[in-house]
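From a predicted model like this one, the values you see are computed outputs, not experimental measurements. The chains referred to below are lettered A, B, ... by the order of the sequence lines, with proteins before strands, and numbering in each begins at 1.
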Protein chains: 2
Amino acid sequence: MGSSYYQFCPVAKAMELLDERWTMLIVRELVTGSQHFNELRRGVPRMSPTLLSKRLGQLVRAGIADRHDDDGDVRYTLTSAGRDLQPVVEALGVWGTRWIGEIGDEDLDPKLLLWDIHRNIDHDAVPVGRTTIHFDFPGTPAHSRHWWLVIAAGQADVCDADPGFPVTITITAALRYMVRVWRGDLDWRTALRSGDVTITGPEELRRSVPQWFTLSVFAPVARPVPSASRRDGQITS
Amino acid sequence: MGSSYYQFCPVAKAMELLDERWTMLIVRELVTGSQHFNELRRGVPRMSPTLLSKRLGQLVRAGIADRHDDDGDVRYTLTSAGRDLQPVVEALGVWGTRWIGEIGDEDLDPKLLLWDIHRNIDHDAVPVGRTTIHFDFPGTPAHSRHWWLVIAAGQADVCDADPGFPVTITITAALRYMVRVWRGDLDWRTALRSGDVTITGPEELRRSVPQWFTLSVFAPVARPVPSASRRDGQITS
DNA sequence: CAGTATCCCTTATGATACTG
DNA sequence: CAGTATCATAAGGGATACTG
């Protein structure tokens, strides 16, 4: 539920609804456009379905989301109040981008990365016809090392098994580097020049590959100047 | 600690640090300028000192706050990362102001209201010399019905007992209405005209009283148009 | 697809009292 | 002033299996 702070301050009233674990991530997913239960789940894979269900119920009761059941086709959408949370999500993302650059190994989830990437393909930049991109993350455990992105007809599908189509382009990179590129911590040019990310395939395509992907919306956020001494860090206690 | 979401998304990384109960309220207090432990406590009176202490430690470890101990004089201040949270606090406050207009009786804490008001006196608007404002909240339990604000020499003090000075002005209102004025849900003019708030004292002063107070920073926030049907509400489950 | 049903268990938090 | 110490309770949340 999010128990009360017993304050009339609007920040407190807002946090009563929003400060529970996972809640803002679900709002983020809804802002991003996910609507179906299992679609939402993919954005918060470590959350149990029970808890997701509970949180969605809370968001509906709070007037932030609506549940539409059109004959078995259930969708969750944001209400106007929910849509108005976008600035909050953005402010959080900007802050997180600026001040939490250190990502732990446990945070590097390839499935989540592919899920993000597939939602942000620039279909106008990708060649017409079917394009199959093979991602190879050396250093990542075998079962999640290889991924395929099949792009066709303005649609993109993620596969964790070889779909069998001829591979157009292969992108090879330690998962961490690919994530850094996605987040905008590292730009394509630098990553490619240093060899931390490698693109394999026909010369004439290779150059345009970076344009196929629209990176994280937070990628363009200006990083703080690395001042004299700063302590970064997660809360560890 | 705020356990991990195991996501590289900056929103998730930010919420790992910020989504624990009370944390954003402490950040709000720090943004507002409170520094001393007991000063911070006044802003979060329902929080136990143990928990406040713990949260402050977490904020320090997270690089959001600094603890300065100058010879026993302990102060907490925001780091540059912490100061950069102001947009987040503001976005939350704006959202809360727009979408959570229904304040429960339990949220109407007169002490908190006076504490807020006293921090936001427009000393240039208040008469020179000593000004004593008596707040009377009929309907509020006897022990917290009467409050005094003593303003002098650019300083304001809150008293829950009669300080004995001659009262310059008395403001009488149900606590709820005074809170609504403070939050900007109700403007002075309307409140005075309807009689929900009454100002007693010398005619020439009465008119200027509203100018003495700078209301909540969120008071000017535009409220959403009250559309056809909307369900407001707290999470109640 | 869209959730429920259980079960367990840590831990977060509230309340209160005390200290250098 | 600036916290610690202690304690007990509730509940929040993780894991897993199951259902119409």
Side-chain angles (χ1 to χ4, degrees), chain A residues 1-7 12 15-26 29-30 34-62 65-77 106 109 157 235-237, chain B residues 1-7 12 15-26 29-30 34-62 65-77 106 109 157 235-237:
Chain A
M1 30 140 253
S3 70
S4 179
Y5 285 120
Y6 301 106
Q7 298 197 358
M15 286 314 273
E16 284 181 11
L17 300 178
L18 301 171
D19 72 357
E20 277 183 305
R21 189 162 161 74
W22 295 110
T23 300
M24 283 302 304
L25 301 201
I26 298 170
E29 290 303 306
L30 291 167
S34 289
Q35 300 192 330
H36 290 278
F37 191 84
N38 286 326
E39 188 184 6
L40 290 162
R41 278 194 73 176
R42 267 172 242 130
V44 284
R46 310 277 299 220
M47 190 179 190
S48 82
T50 309
L51 191 50
L52 174 56
S53 175
K54 178 180 173 187
R55 285 285 182 278
L56 285 169
Q58 292 175 313
L59 289 173
V60 169
R61 278 193 300 282
D66 278 329
R67 181 183 194 273
H68 312 270
D69 185 342
D70 297 323
D71 211 31
D73 177 38
V74 180
R75 292 167 188 276
Y76 292 91
T77 58
E106 337 72 54
D109 181 337
D157 291 302
I235 284 177
T236 47
S237 99
Chain B
M1 27 139 257
S3 70
S4 180
Y5 285 119
Y6 300 105
Q7 297 197 0
M15 286 314 273
E16 285 181 10
L17 299 178
L18 301 171
D19 72 358
E20 278 183 306
R21 190 162 159 74
W22 295 110
T23 300
M24 283 303 303
L25 301 201
I26 299 170
E29 289 304 304
L30 290 168
S34 290
Q35 299 193 330
H36 290 278
F37 190 85
N38 286 325
E39 189 184 6
L40 290 161
R41 278 195 73 176
R42 267 171 243 130
V44 283
R46 310 277 299 220
M47 191 180 190
S48 81
T50 308
L51 191 50
L52 174 56
S53 176
K54 179 182 173 185
R55 284 287 184 277
L56 286 169
Q58 292 174 314
L59 289 173
V60 168
R61 279 194 300 283
D66 279 327
R67 181 183 194 273
H68 312 270
D69 185 342
D70 298 322
D71 211 30
D73 177 38
V74 180
R75 290 166 188 278
Y76 293 91
T77 58
E106 337 72 55
D109 181 337
D157 291 301
I235 284 177
T236 47
S237 98

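- One can place CG of B:N38 at 6 Å from P of D:dA2, the figure rounded to the nearest angstrom.
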* To do: Would you sort out whether B:M15 and A:W22 count as a side chain to side chain contact (heavy atoms under 4.5 Å, CB included), showing the intermediate values?
  => CA-CA 9 Å; B:M15 286 314 273; A:W22 295 110; over 6 Å; no
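- Listed pair A:R21 / D:dG14 meets the phosphate criterion, a side-chain N or O lying under 4.0 Å from OP1 or OP2.
- Of the candidate nucleotides C:dG3, D:dG13, D:dG3, D:dG13 has the atom nearest to the side chain of A:R55.
- For the pair B:D109 and A:Y6, the minimum side-chain heavy-atom distance is 4.5 Å or more.
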* Please assess B:R61 against B:Q58 for the test side chain to side chain donor-acceptor pair (under 3.5 Å), listing each intermediate value before the final yes or no. => CA-CA 5 Å; B:R61 279 194 300 283; B:Q58 292 174 314; 5.9 Å; no
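- Side chains of B:L17 and B:T23 form no contact here, defined as non-hydrogen atoms less than 4.5 Å apart.
- For the pair A:R75 and A:S48, nearest-nucleotide mapping onto DNA chain C gives the more 5' position to A:R75.
- At C:dG3, one or more side-chain N or O atoms of A:Y76 fall inside 4.0 Å of OP1 or OP2 (strictly under the cut-off).
- Remark: side-chain polar atoms of B:R75 are not paired, donor with acceptor, to backbone N or O of B:D70 under 3.5 angstrom.
- A:S4 and B:R46 form no side-chain donor-acceptor contact under 3.5 Å, judged by distance and modelled atom types alone.
- In this structure, CG of A:L52 is placed 15 Å from P of D:dA15, rounded to the nearest angstrom.
- The side chain of A:Y6 places no N or O atom within less than 4.0 Å of a non-bridging phosphate oxygen (OP1 or OP2) of C:dG14.
- Taking atom CD of A:E39 as the reference point, atom C1' of C:dA2 lies 13 Å away to the nearest angstrom.
- Between B:K54 and C:dT13, a side-chain N or O to OP1/OP2 separation shorter than 4.0 Å is absent.
- Going from atom OH of A:Y5 over to atom C1' of C:dA12 covers 12 Å, rounded to whole Å.
- Under 3.5 Å, the side chain of A:T50 and the base of C:dA5 form at least one donor-acceptor pair of N or O atoms.
- Residue A:L40 contributes atom CG, which lies 12 Å from atom P of C:dC1 at whole-angstrom precision.
- Distance from the side chain of A:E20 is smallest for D:dG13 among the nucleotides D:dG13, C:dT13, D:dA2.
- At least one donor-acceptor pair under 3.5 Å links the side chain of B:H36 to the backbone N or O of B:V74.
- Where the helix from C:dC1-D:dG20 to C:dG20-D:dC1 starts and where it ends, the local axes point in directions that differ by 60°; five pairs per end, rounded to 10°.
- Rounding to whole angstrom units, CZ of residue A:R42 and C1' of C:dA2 are separated by 12 Å.
- Distance, A:D71 CG to D:dG20 C1': 15 Å, rounded to whole Å.
- Distance B:R41 CZ to D:dA2 C1': 10 Å, rounded to the nearest Å.
- Residues B:L25 and B:M47 form no side-chain contact, since every pair of their non-hydrogen atoms from C-beta on lies 4.5 Å or further apart.
- Distance from the side chain of B:H36 is smallest to D:dA2 among D:dG13, D:dA2, D:dG3.
- Distances from the side chain of A:S53 to the nucleotides C:dT4, D:dA2, C:dT13 place C:dT4 closest.
- Closest to the side chain of A:V74, from the set C:dA2, D:dG14, D:dC1, is C:dA2.
- Within 4.0 Å of A:R67, counting heavy atoms only, lie sugar-phosphate atoms of the nucleic acid but no base atom.
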